[in-house]
Amino acid sequence: MDIIKLKHITKQYDDGFVALKNINLTIESGKFYSLLGPSGSGKSTILRIIAGFSQPSSGQVFFDGKDITDLDAAKRHINTVFQNYALFPHLNVFENVAFGLKIKKQPMDKIKPAVKEALHMVRLDGYANREISELSGGQQQRVAIARAIVNEPKVLLLDESLSALDKRLRKDMQFELRAIQKKLGITFIFVTHDQEEALSMSDEIFVLNDGMIQQSGSPVAIYDEPVNDFVARFIGDSNILSGRMIKDYEVEFANNKFKCADGGIKPNEKVEVVIRPEDLDIVAPEKGNIVVTAQTQLFLGDHFEIKAVDANENEWLIHSTNGVKLGERVGLFFDPEDIHVMRLNESQEDFDARIEKYEGDENEN
Amino acid sequence: MFLKKKHVAPKATYREVWSKGDIATKLSFFIMGSNALANKQWVKGLALLISEIVFIVWFIFSGISTLGILATLGPIKSKKVVYDAAQGVYITKQPSNSVLILLFGVLAIILCIAMIYLYIVNLRSTRHNYILKRDGEHIPTNVQELKSLLDTRLHATLMVIPLLGILFFTVLPTVFMISMAFTNYDRQHPIAFSWTGFQAFGNVLSGDLAGTFFPVLGWTLIWAVAATATTFFFGVLLAMLIESKGIKYKAFWRTVFVIIWAVPQFVSLLMMAQFLDYQGALNNILMNLHWISSPIHFIDNQASPLVARITVILVNMWIGIPVSMLVSTAIIQNLPEDQIEAAKIDGANAVQIFRSITFPQILFVMAPSLIQQFIGNINNFNVIFLLTGGAPMNSKYNGAGSTDLLVTWLYNLTFGQEQRYNASAVLGILIFIISAVVSLIAYRHTNAYKEG
């Protein structure tokens with residue numbers, strides 16, 4: 001069921017800067033969404049418009065089918081967890097969580113169990129009387145979530161909520177957030193610039209750049225089939241090479257012709273080819289699709305990151321569980337499915353249409 | 001970082017130094033610096049030796065008599081005419097000048113303490129040299145000793161002048177003034193006075209001044225609380241108003257109020273005194289508007305105590321609000337905007353946000369400075385003295401008016417008709433005790449202190 005719909009949202013600031021250009025998106029209830037993009041891409045602006053802290057220059061926001069574009073932030077069934085938690089430092093944990101209920105003049109015998117339940121949800125039982133300054137970053141984060149969910153919102157917005165935590169804690173909180181979302185069954189919209197975070201938690205991701213949605217879809221779809229080189233570069237590491245389509249399912253790059261899994265593109269059209277570094281296997285030179293010379297190698301714990309160049313001076317990034325000798329010639333092997341062909345300046349709609357078309361063709365065959 | 005240094009037992013006791021040391025070392029216990037001289041630390045040795053000689057000469061020829069006379073503060077208590085049999089004439093004997101006797105007496109005591117300190121320094125240095133010699137280590141030469149004063153012991157060298165300054169311009173006058181509280185130095189005994197123990201304290205706390213002291217103390221505390229609270233609260237409110245979204249030309253408004261603050265306090269207070277005068281501008285304006293039929297006594301001698309006190313507090317707001325506005329502006333600008341947004345999501349309105357989010361946090365940050373302001377207001381001489389001069393006079397009080405604070409009363413007792421210097425000294429001590437106790441308790445209870 002659709003719960004939030006943004007229609008043709010544009011945001012232009014007084015100084016003329018355009019933060020959002022014609023944003024259309026649909027949020028379904030009960031799912032975990034991520035708005036992913038670099039700083040300044042407009043992801044937080046979308047969040048603030050949904051929350052009601054700022055007004056779009058044009059366009060409408062719908063909630064449960066009703067237009068809430070001009071509705072006060074307090075009257076929306078939406079709550080926000082702020083980047084720096086925005087906890088009230090002069091109040092203790094209980095008072096922080098109970099703040100909203102107290103403002104709503106709820107009786108104390110209703111507030112107490114509600115706060116207890118919210119703290120239990122974020123696994124902070126027994127912390128009610130602690131001062132905020134006594135809590136660690138992760139615990140403050142959870143108090144902020146408890147303060148938001150105690151109001152029983154239908155949608156919870158999280159604004160870069162994990163970016164202040166260290167890496168390990170961030171991993172733990174990712175699992176926790178996902179678990180809380182599952183337990184509550186409400187919609188989470190998570191803003192982040194960390195692609196790993198978005199991929200690991202979300203049901204659906206919106207990738208943003210320059211105030212426009214570049215691509216939306218499930219984490220797997222976005223990772224495997226980026227529509228343009230921005231998405232390909234932003235989501236994970238990739239080798240992007242320019243090439244030329246020979247015909248359907250055959251593409252030329254790095255001075256070689258390869259079989260691929262893409263079609264529906266005009267012959268001889270200039271394209272870009274994406275191959276993920278973990279899809280490259282290091283083999284003997286004669287067995288490889290391409291021969292490269294390893295130049296640098298970094299050990300990253302669970303894998304080696306190897307940089308190599310081929311005969312045409314193209315740089316290749318390879319993730320391999322085994323190291324190589326520097327300066328040694330090795331072969332790189334990849335399957336036709338590992339090659340992802342992108343047309344230049346193709347929008348997501350065109351991309352979806354093309355996929356549908358040639359996959360339809362395949363089905364007919 | 002601030003752990004107490006653990007006491008390290010010395011490598012040798014003074015007993016050991018005394019029994020096993022050579023002659024020069026033993027001699028150091030009587031003649032300061034002899035050990036240093038024996039070790040060729042000429043400058044140190046000579047300095048210690050000379051200071052001992054000078055001290056002993058001074059003590060014999062002047063010190064003993066100065067200290068001896070301190071016990072009585074001078075033998076002649078009043079002007080007397082006595083017959084001098086030797087010359088066969090009557091001569092007038094002037095009373096002893098007790099102020100000078102007290103001053104030099106205090107100075108002599110300080111000199112004696114300094115000498116004892118030097119003697120300890122001498123013993124320490126002797127022990128240090130003894131240990132070095134016993135353990136066969138190098139004893140620093142004269143030049144090395146001097147160089148260390150500019151290197152490893154530079155802090156000691158640099159502290160000498162400030163310490164001397166504090167000793168003569170702070171410690172000496174303070175001890176001198178405190179001593180006065182235990183004498184009968186007043187109008188009846190203006191030149192020669194004597195020790196009277198706690199009699200002056202008795203006068204203030206239960207004697208003839210008690211009827212003034214307690215009411216004035218009460219008003220002082222009411223004034224300090226009211227003056228601090230009003231300036232703080234309205235300062236915060238004004239800052240919030242100027243910082244709020246609808247206000248344009250924020251810098252201009254802020255400057256307007258800073259100008260009030262920038263005018264010297266005595267100028268604005270004297271202007272205010274003129275303005276509020278019985279024949280002053282305010283009364284004229286009110287009369288011309290036909291709001292009142294006859295002028296009001298705001299702060300003159302015929303004013304009612306209540307009107308005068310309220311006026312004083314209101315005028316003080318005029319002077320004090322800009323300062324707290326400036327300070328709280330800085331705090332308000334640093335309050336995270338998202339806290340206020342978070343409160344708004346929860347449905348809090350502007351008043352609720354101010355009451356439960358903004359104001360408590362400003363209070364939290366400003367608590368220490370509020371305590372300072374409170375103490376400052378207890379001793380706020382300027383406002384009272386320049387505005388009302390204590391008026392209206394109160395016939396029940398001894399030398400004080402209805403708006404007098406302890407500190408302006410103290411001024412009256414010293415420079416007015418009363419000339420009760422001993423009572424003033426007592427008041428000074430009591431004001432210090434009140435301020436110290438209030439600030440200690442209050443600082444201990446502020447969160448800022450706990451976190452620091």
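So you know, we letter chains A, B, ... as the sequences are listed, proteins then strands, and number each from 1. Here the structure is a predicted model, which is why all the values come from computation and not from measurement.
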- Message: With chain B as the partner, which of A:A148, A:A51, A:A74 has the greatest number of non-hydrogen pairs under 4.5 Å?
- Response: A:A74
- Looking at A:P89, A:A73, A:A144, which one has more heavy-atom pairs under 4.5 Å with chain B than the rest?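 With the most close heavy-atom pairs to chain B, the winner is A:P89.
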- Cation-pi geometry met for A:R147 and A:F88 (6.0 Å, 45°):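 Checked: cation-pi criterion met.
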- Query: Is NZ or CZ of B:R309 both nearer than 6.0 Å to the six-membered ring centre of B:W219 and within 45° of the ring axis?
  - Reply: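 Yes, B:R309 and B:W219 form such a contact.
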Which bit of [X] is near chain B, if near means a heavy-atom gap under 4.5 Å: side chain, backbone, both or neither?
X: A:D72; result: neither
X: A:L101; result: neither
X: A:N151; result: side chain

- Task: Flag the pair B:L217 / B:L430 as yes when at least one side-chain heavy-atom distance between them is below 4.5 Å, and no otherwise.
- Result: no
- Query: B:F381 vs B:F385 aromatic rings, parallel, tilted or perpendicular, using cut-offs 30° and 60°?
  - Reply: parallel
- Query: Tell me, side chain or backbone of B:Q352 under 4.5 Å from chain A's heavy atoms, or both, or neither?
  - Reply: side chain
- Give a yes or no answer on whether the side chain of B:S244 reaches the backbone of B:L241 with a donor-acceptor pair at less than 3.5 Å. yes
